Amino acid sequence: MSDCLFCKIAAGEIPSNKVYEDEQVYVFHDIDPQAPTHFLVIPKAHIVSCGAITAENSAVVAHCFEVISKVTKDLGLTDFRVVSNCGASAGQSVFHLHFHVLAGRDMTWPPG
Ligand code: 5GP
Ligand code: ZN
């Protein structure tokens, strides 16, 4: 999608602090970290949010979780939280599907 911040980051058109990349996904540090470790896992294909996952595009979502498992292992993280905000009132501010991965501090529940 031409006017999407995360599509531009995945394409390398906007700089980011990359953690991992393959053909399907891009992983980069959040610009405003909410924990000592906070990175985002995004499909390179534009999907608006968890609410736009279908039978046709869901394979990349499984791959995102494989990547989360691999990258957290590589970073030595055993305890971490995965969050995806869906819709503005749930906290979504960038409308390209992304999974926050947060680690390095105790997490509270329920989230605010
Ligand atoms: P959301 O609010 O949609 O759940 O998450 C969007 C996340 O993207 C936020 O945590 C925000 O800090 C991060 N973010 C917004 N703009 C940029 C950017 O230009 N670069 C990076 N690395 N992260 C960004
Ligand atoms: Zn996009």
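For ligands, and for the atoms within them, numbers begin at 1 and follow the listed sequence. What you see is a predicted model, and the numbers here were worked out from it, not measured in a lab. All residue numbers refer to positions in the sequence shown, counting from 1.
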Output field for angle at the Zn ion (ligand 2), Cys4.SG vs His96.ND1, rounded to 10°, should show 110°
Note: ND1(His46)-the Zn ion (ligand 2)-SG(Cys7) angle, rounded to 10 degrees, equals 110°
So is [X] touching ligand 1 or not, going by heavy atoms under 4.0 Å?
X: Asn17; answer: no
X: Ile9; answer: yes
X: Gly91; answer: yes
X: Gln34; answer: no

Would you say that Val71 contacts Val19 through its side chain, given a criterion of any heavy-atom pair below 4.5 Å between the two side chains? yes
More than 12 heavy atoms of other residues, nucleotides or ligands under 6.0 Å from CG of Asp79: is that the case? no
Examine the proximity of ligand 1 to Asn85 and report which part, side chain or backbone, both or neither, has a heavy atom under 4.0 Å away. side chain
Closest by any non-hydrogen atom to atom 21 (C) of ligand 1: pick that one out of Leu97, Ile42, Ile31. Ile31
Per atom 7 (C) of ligand 1, closest listed option by heavy atom (Val83, Asp32, Asp30, Leu102): Asp30
Closest heavy-atom pair, Asp32 versus His38, reported as atoms and distance to 0.1 Å, is O-ND1, 4.1 Å
Show the atoms of ligand 1 that are less than 4.0 angstrom away from any heavy atom in Phe28. 21 (C), 22 (N)
For His100, the ligand 1 atoms with a heavy-atom partner under 4.0 Å come out as 1 (P), 4 (O), 5 (O), 7 (C), 10 (O)
Min N/O separation Phe6 to ligand 1 under 3.5 Å: no
